[in-house]
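In what follows, a structure is listed as structure tokens, so that the remarks can point back to it.
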Amino acid sequence: MAVICVDELASDGGVVTIRPAGPADRPALDTLRFLIAPGGDRLTLVAHDGPDLVGAAACARLGHGGRTAEFAAFIADEHHGRGIGTLLMEHLAARARRAGITELVGDVPDRAEQLRPLLAPRSIVVIGAGPRHGGAGHETLRALRDYGFDGRLHAVNPAGRPVCGVPAHRGVSDLPEATDLAVIAVRADLVPAALKEAGQCGVRSAIVLSKGFGANGPVSRQRRAEILQIAREQGLRLLGPSSIGVVSTDPRNRLNACLSPARPPVGGLAVASDSGAVGIALLADAARGGCGISSFVSLGEKLDIDENDLIAHWYDDPATRAVALSLESIRDPERFARVVQALGRRKPVLAVTRAGALLEQAGVICATSIGEMLDAARMLIGQPPPPGSRMAIVGNGGGLTAIAADTAEAAGFTLLPLTSQTRRQVPRSRDNPVDLGIDAGPETIASAAETVANSGEVDALLLMIVGTRANCPIAIMTALGKVVDNHPDIAIAAVLTGGNDGILTFGARSAPVYPEAERAVRALAHAHRYAVWRRRARRPRNRLR
């Protein structure tokens, strides 16, 4: 009998096989009786790592012919944190839909949360938060307060005096509670003692903002070794040193423990940067361009927490829909290649790099600048990547439309002539590109775009809009927003020039608006290449058992 087995990459880069449970699995599932619901109307899947059964998930329909099912899942203890539970539930939900089940109710199995105290702390202490404006500790504490952190906030300074209205103590041992996160902003020679006291007092993670650890001399090497040893002895996770901090825009846990002055909008892009300066520039560009951020992490010297830890965390983070990386070095390249490929099969991964051949093989979308990376991210978040290379261009752009067409063809897109049936429905019977003239109004442009999107003849739609004194760019983009909303399966971007610079997105899914055709086409090309890679990477394998 043919059984469909699908090999999936876990978040650590390992391969697990997911398939329907069979009679041979009964002994291994006997200890998981709660998974096997009574009656015959049930679905059960298992996950194997080699010969070992490492997880199972099942659902049973509630009521005869009902559309709701109760589910349960189990992951072996030693395999928690690998994303296996998520993979099982994705496959279970897909099979349940095919069986007419539209709602699953139950509890997702507990997952390892190693980075929760860092990215979603319930309480924070800033060590070295003094009264002086401009000091790293003072500014971090003020950023936390002003951004609306709603957990418990403490300060530590030699005088024990309140800072920015936040209660202060002379030492971590004087705090009334153990905190999830310590932000350390003291001189480099004082960091070991501060970190040790924090760990002894129950702090679970620490961000070291302090400089003085990056040089190659013996003093810096000794300092790095000392604080890493302390972190391991105390059982806490360490970010940095020389980090500029972290940001989380999650409305449930707003966190700005970061020295960057920019406040990016809420969104789906998670960002990691080795360099603090690059991180600041990246956040500033994201804020200017309307690229929403879910979280930002400045890795610094990454003695402990590195890019691999963050990728494993963001793999299952529901707020993160794409990941952007700016890395000067990769601490464990072999593991990085595995985990980034696993993540790329689920969410787009982007990187700023000039040597991207190996990363591209792992599915990473490689850009040569921060702006190019953020442009591609805006195209990929909330939109389907173009499955093919067929593009149509619609708008009132005149000569700019012709330039956009040349740019698109040079980037690998094909602008096929519209069919006669589609062309008859377009005002003035225009072909591809559909240039409606500079005097075209919102309804005319939107109607033409809707016709082309409905045709089934395109994989990507580029809208070229020129604003003048005689038209209203806001009205045009509002009308085009309805086209975006009507076609969630088509990648759509717009170029707006001569109009309102404040229009950065349109439609409910926030399709991107770019100032130049070159940027829009380049972002669409990155998205198309990602779609092609993911289609190859996610191809299932059938086996006979």
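Values in this document were obtained by computation on a predicted structure and should not be read as measured data.
Rounding to the nearest 0.5 Å gives a distance of 6.0 Å between CZ of Phe336 and CD of Glu307. In this structure, CD1 in Ile465 is found 5.0 Å from CG in Leu480, a value given to the nearest 0.5 Å. Interatomic distance, CG of Leu359 versus SG of Cys366, reported as 4.5 Å (0.5 Å rounding). Rounding to the nearest 0.5 Å places CG of Leu461 at 8.5 Å from NE2 of His487. To the nearest 0.5 Å, atoms CD1 (Ile127) and CD1 (Ile184) are separated by 4.5 Å. Of the inter-residue distances, the one linking Ile207 atom CD1 with Leu238 atom CG reads 10.0 Å to the nearest 0.5 angstrom.
A side chain to side chain contact (heavy atoms under 4.5 Å, CB included) with Ile403 is found for one member of Thr401, Thr407, Asp406 and no other, namely Thr407. Exactly one residue among Asp304, Asp274, Asp306 makes a salt bridge (Lys or Arg N to Asp or Glu O under 4.0 Å) with Arg331. That residue is Asp306.
When side chains are defined from C-beta on, Tyr530 counts as touching Pro348, because their heavy atoms get closer than 4.5 Å. The closest side-chain heavy-atom distance from Pro433 to Leu415 is below 4.5 Å. Put simply, the side chain of Arg321 does not reach to within 4.5 Å of the side chain of Leu380, judged on heavy atoms. Residues Thr478 and Ile476 form no side-chain contact, since every pair of their non-hydrogen atoms from C-beta on lies 4.5 Å or further apart. With a 4.5 Å cut-off on side-chain heavy atoms, Ser329 and Lys302 count as touching. A 4.5 Å side-chain heavy-atom check between Glu450 and Asn486 finds at least one atom pair inside the cut-off. Residues Thr249 and Val247 form a side-chain contact, since some pair of their non-hydrogen atoms from C-beta on lies under 4.5 Å apart. At least one side-chain heavy atom of Leu118 sits less than 4.5 Å from a side-chain heavy atom of Ile305.
Remark: the backbone N or O of Ala470 is paired with a side-chain donor or acceptor of Thr468 at under 3.5 angstrom. With hydrogens and angles ignored, the 3.5 Å screen pairs a side-chain donor or acceptor of Ser455 with a backbone N or O of Val452. Put simply, the side chain of Arg145 gets close to the backbone of Cys164: a donor and an acceptor are under 3.5 Å apart. Side chain of Asp375 to main chain of Ala520: no donor-acceptor pair is present (N/O by atom type, distance under 3.5 Å, no hydrogens or angles). Checking side-chain atoms of Thr451 against main-chain N and O of Ser447 turns up a donor-acceptor pair under 3.5 Å. Looking only at distances, no side-chain donor or acceptor of Arg142 sits under 3.5 Å from a matching main-chain atom of Val163. A donor-acceptor pair is defined here as one N or O able to donate and one able to accept, closer than 3.5 Å; no such pair exists between the side chain of His313 and the backbone of Leu115. With hydrogens and angles disregarded, a donor-acceptor distance shorter than 3.5 Å links the side chain of His138 to the backbone of Gly130. Judged by distance alone, with hydrogens and angles left aside, the side-chain atoms of Thr140 form a donor-acceptor pair with the main-chain N or O of Ala136 at under 3.5 Å. A donor-acceptor pair is defined here as one N or O able to donate and one able to accept, closer than 3.5 Å; no such pair exists between the side chain of Asp485 and the backbone of Gly507.
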Report the C-alpha separation of Asp309 and Arg237 in whole Å, then their side-chain angles, then the decisive distance to 0.1 Å, and conclude whether the salt bridge (charged side-chain N to carboxylate O under 4.0 Å, His left out) test is met. CA-CA 11 Å; Asp309 296 303; Arg237 297 306 306 269; 3.2 Å; yes
Show the numbers, then the answer: is there a side chain to side chain contact (heavy atoms under 4.5 Å, CB included) between Leu181 and Val203? CA-CA 6 Å; Leu181 173 63; Val203 171; 5.8 Å; no
Given the rule in the salt bridge (charged side-chain N to carboxylate O under 4.0 Å, His left out) test, do Arg519 and Glu516 qualify, once you have shown the distances and angles that lead to the verdict? CA-CA 6 Å; Arg519 290 174 59 178; Glu516 301 169 358; 5.1 Å; no
For Val278 and Ser326, run side chain to side chain contact (heavy atoms under 4.5 Å, CB included): C-alpha distance rounded to whole Å, both residues' side-chain angles, the deciding distance at 0.1 Å, then the answer. CA-CA 8 Å; Val278 171; Ser326 175; 3.2 Å; yes
Just do the side chain to side chain contact (heavy atoms under 4.5 Å, CB included) check on Arg509 and Ile492 with the steps written out, would you? CA-CA 10 Å; Arg509 76 177 187 227; Ile492 302 177; 3.6 Å; yes
Go through the steps for Leu462 and Phe413 under the test side chain to side chain contact (heavy atoms under 4.5 Å, CB included), then give the verdict. CA-CA 11 Å; Leu462 180 61; Phe413 288 103; over 6 Å; no
What's the verdict on salt bridge (charged side-chain N to carboxylate O under 4.0 Å, His left out) for Lys347 and Asp317, showing C-alpha distance, side-chain angles and the deciding distance? CA-CA 11 Å; Lys347 306 173 183 182; Asp317 178 26; 6.0 Å; no
Step by step, would you call Thr422 with Glu457 a side chain to side chain donor-acceptor pair (under 3.5 Å)? CA-CA 9 Å; Thr422 300; Glu457 299 169 26; 2.6 Å; yes
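Ala342 and Ala10 get closest at one heavy-atom pair: CB-O, 3.0 Å. In plain terms, the two heavy atoms of Gly245 and Ser243 that are nearest each other are N-OG, 2.9 Å. Between Arg204 and Pro117 the shortest heavy-atom distance is CZ-CG, 3.6 Å.
At a cut-off of 3.5 Å, with distance as the only test, a side-chain donor of Glu372 or Thr368 sits close to an acceptor on the other residue. Between the side chains of Asp180 and Ser123, not a single donor N or O lies within less than 3.5 Å of an accepting N or O.
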Sequence neighbours left out, cut at 3.5 Å: what donor-acceptor pairs do the side chains of residues 282-299 make with other protein atoms?
from, atom 1, to, atom 2, distance (Å)
Asp285, OD1, Arg288, NH2, 2.1
Ser294, OG, Leu269, O, 3.4
Ser294, OG, Ala270, N, 3.4
Ser294, OG, Thr320, OG1, 3.0
Ser295, OG, Trp314, NE1, 3.0
Ser298, OG, Ile244, N, 2.9

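Under the 6.0 Å distance and 45° angle rule, Arg345 does not count as a cation-pi partner of Tyr315. Remark: Arg254 qualifies as a cation-pi partner of Tyr147 under the 6.0 Å distance and 45° angle criteria applied to the six-membered ring.
Evaluation of the salt bridge (charged side-chain N to carboxylate O under 4.0 Å, His left out) rule for Arg122 yields no partner, not counting sequence neighbours.
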